[in-house]
Asker: 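Could you have a look at this structure, given as structure tokens, before my questions?
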Amino acid sequence: MPDFSGIKDSAKEILNKGKEKAVKLKDKGAETFDAAKEKVDNAKEKTGNKILSKTGKPTGSVPKGLTRKEREELILKYQDKGYYGTLPNIEREFSYIKQKSKKTNFGSKYKDTLLEENLKQAPLDDELFLDVILKKGKDTKFTKDVLRMIPLLNNFKNCIENNCDIQKFNANVNVIDLYTRRLEKDYGSTMDSQNEGFYLIQNLAYLAKLQGNLKYEANFYSKYMPLTGTVYSKENIEKKDYELLLELDKTIFTLEQLK
């Protein structure tokens, strides 16, 4: 059988030499290409730095319409003098600064016609009209209950001023006491109890009961002993009546402010 081992080795050697040669050619070609590219880039950069734009384009662009002599003159004129070219036009971006602001005059367009034409015709002396405009809030239940005492207090005041008898005096005291207890029951544990009118009613009811008891005792003891110089004397009772009248006036005035 023939031996092909020598032929294989020879073929292998030839193949390896071919590969090596191809690699060398490739490397050489790459080096040549890189060198050529570098040369072109350098030339571009040199030309771009020297040729100046005459048409407003940034430096680096090739100006058109220039002769060779004009190019050389430009290069010599601006060589080593830094950047030359046309800066971006930013005037348009700040054009609003040049615009003059127009002052708005509202006087000629708007008038207070509501005040001049409408309200001058309003019936300001009409209570119903004013109530609607002011939108009065509704009275609370406490306010309504307290205001009911004003007629009772006025009746009591007239009784004292007319020197009514003991029975009529104490009848007024009992009515006021009943109303006061009802207010204490309904509003004693609420915020309405902090109202000044609530306090004045309680105080008045207390003073009225003291005066009623004083008059009752004076009438009882007058049958058995002289009252001159005692707390049951006519002068002292009249003094207490006057003090009670002052409290009545104060209370009535305060309650009337709740209307």
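Residue numbers start at 1 and run along the sequence shown.
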Asker: I'd like to know if the side chain of N195 reaches the main chain of G197, judged simply by a donor and an acceptor atom lying under 3.5 Å from each other, with no hydrogens or angles considered.
Answerer: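 It does hold such a pair.
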Asker: So, does Q211 use its side chain to make a donor-acceptor pair with the main chain of I237 at under 3.5 Å?
Answerer: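 Yes: the side chain of Q211 pairs with the backbone of I237.
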Asker: Within the supplied structure, the quantity of interest is the number of heavy atoms (other residues, nucleotides, ligands) at a distance under 6.0 Å from M225 CE; does it exceed 12?
Answerer: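 Yes, enclosed.
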Asker: Check whether N219 reaches the backbone of K215 with its side chain - one donor and one acceptor, N or O, closer than 3.5 Å.
Answerer: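 Checked: no pair found.
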Asker: Could you tell me whether the side chain of D249 reaches within less than 4.5 Å of the side chain of F253, counting heavy atoms only?
Answerer: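 F253 vs D249: side chains apart.
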Asker: Could you pull out all residues at least two apart from F169 that satisfy ring pair (Phe, Tyr, Trp, His ring centres under 6.0 Å)?
Answerer: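 Result, ring pair (Phe, Tyr, Trp, His ring centres under 6.0 Å) vs F169: F156.
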Asker: How many angstroms lie between atom CG of N155 and atom CD1 of I160, to the nearest 0.5 angstrom?
Answerer: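 Separation between the atoms: 11.5 Å.
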Asker: Answer with yes or no whether the hydrophobic clustering places Y206 together with Y199; edges join I, L, V, M, F, W, Y residues whose side-chain heavy atoms lie under 4.5 Å apart.
Answerer: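 No, because Y206 and Y199 fall into different hydrophobic clusters, even though each may have its own neighbours under 4.5 Å.
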Asker: Side chains of T180 and E184, heavy atoms from C-beta outward: is any pair under 4.5 Å?
Answerer: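 A side-chain contact under 4.5 Å exists here.
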Asker: Does a side chain donor of either Y187 or D145 reach within less than 3.5 Å of an acceptor in the other side chain?
Answerer: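 Indeed, the side chains of Y187 and D145 share at least one donor-acceptor pair under 3.5 Å.
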Asker: Any heavy-atom pair between the side chains of S233 and T228 that's under 4.5 Å?
Answerer: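 A side-chain contact is absent here, since even the closest heavy-atom pair is not under 4.5 Å.
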Asker: I need the single residue from L183, V146, T190 that forms a side-chain contact (heavy atoms from CB on, under 4.5 Å) with F198. Which is it?
Answerer: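 Among L183, V146, T190, the one that satisfies the side-chain contact (heavy atoms from CB on, under 4.5 Å) with F198 is L183.
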Asker: Can any side-chain N or O of E247 pair as donor or acceptor with the backbone N or O of E243 at less than 3.5 Å?
Answerer: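 It does not hold such a pair.
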Asker: Got a donor-acceptor contact below 3.5 angstrom from the N213 side chain to the K209 backbone?
Answerer: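 The answer is yes, because a donor-acceptor pair under 3.5 Å joins these two groups.
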Asker: Hey, does L255 have a side-chain heavy atom less than 4.5 Å from the side chain of L153?
Answerer: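 In contact.
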Asker: To the closest 0.5 Å, what do you measure between CD1 (I166) and CD (E217)?
Answerer: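 Result: 11.0 Å between the selected atoms.
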Asker: Atom CG in N170, atom OH in Y216: separation rounded to 0.5 Å?
Answerer: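 Interatomic distance, N170 CG to Y216 OH, rounded to 0.5 Å: 9.5 Å.
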Asker: Please report the shortest heavy-atom distance between A208 and V173, naming the atom on each side.
Answerer: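 So the two residues come closest at O-CG2, 3.6 Å.
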Asker: Measure the spacing between CG of L207 and CD1 of I176 and express it to the nearest 0.5 Å.
Answerer: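 That separation rounds to 11.0 Å.
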Asker: Should I252 and L152 be regarded as members of a common hydrophobic cluster, given that ILVMFWY residues are connected when their side-chain heavy atoms come within less than 4.5 Å of each other, either directly or indirectly?
Answerer: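 As far as the 4.5 Å side-chain criterion goes, L152 and I252 are connected within one cluster.
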Asker: Roughly how far, to the nearest 0.5 Å, is CG of L248 from NZ of K157?
Answerer: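 Those atoms lie 8.0 Å apart.
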Asker: Which residue pairs pass the salt bridge (Lys or Arg N to Asp or Glu O under 4.0 Å) test with at least one member in residues 159-170, sequence neighbours excluded?
Answerer: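 Residue pairs with at least one partner in residues 159-170: there are none.
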Asker: Is a salt bridge present between D192 and K141, judged by a nitrogen-to-oxygen distance below 4.0 Å?
Answerer: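 A salt bridge is absent here (no side-chain N lies under 4.0 Å from a carboxylate O).
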Asker: For T143, give me all partners under side-chain contact (heavy atoms from CB on, under 4.5 Å), at least two apart in sequence or on another chain.
Answerer: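 If we apply the side-chain contact (heavy atoms from CB on, under 4.5 Å) test to T143, skipping adjacent residues, the hits are D139, T140, L147, L258.
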Asker: Using a 4.5 Å cut-off on heavy atoms from C-beta on, say whether the side chain of K259 contacts that of I150.
Answerer: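 Sidechains of K259 and I150: in contact.
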Asker: Indicate if F142 and L178 have the same hydrophobic cluster label, given that clusters are the connected sets of ILVMFWY residues with side-chain heavy-atom separations under 4.5 angstrom.
Answerer: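 The answer is no; the residues belong to distinct hydrophobic clusters.
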Asker: Just how far is it from atom CG of N236 to atom NZ of K234, taken to the nearest 0.5 Å?
Answerer: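 The CG atom of N236 sits 13.5 Å away from the NZ atom of K234.
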Asker: Hydrophobic cluster membership, with links at side-chain heavy-atom distances under 4.5 Å among I/L/V/M/F/W/Y: are L204 and L245 in one?
Answerer: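 Same cluster.
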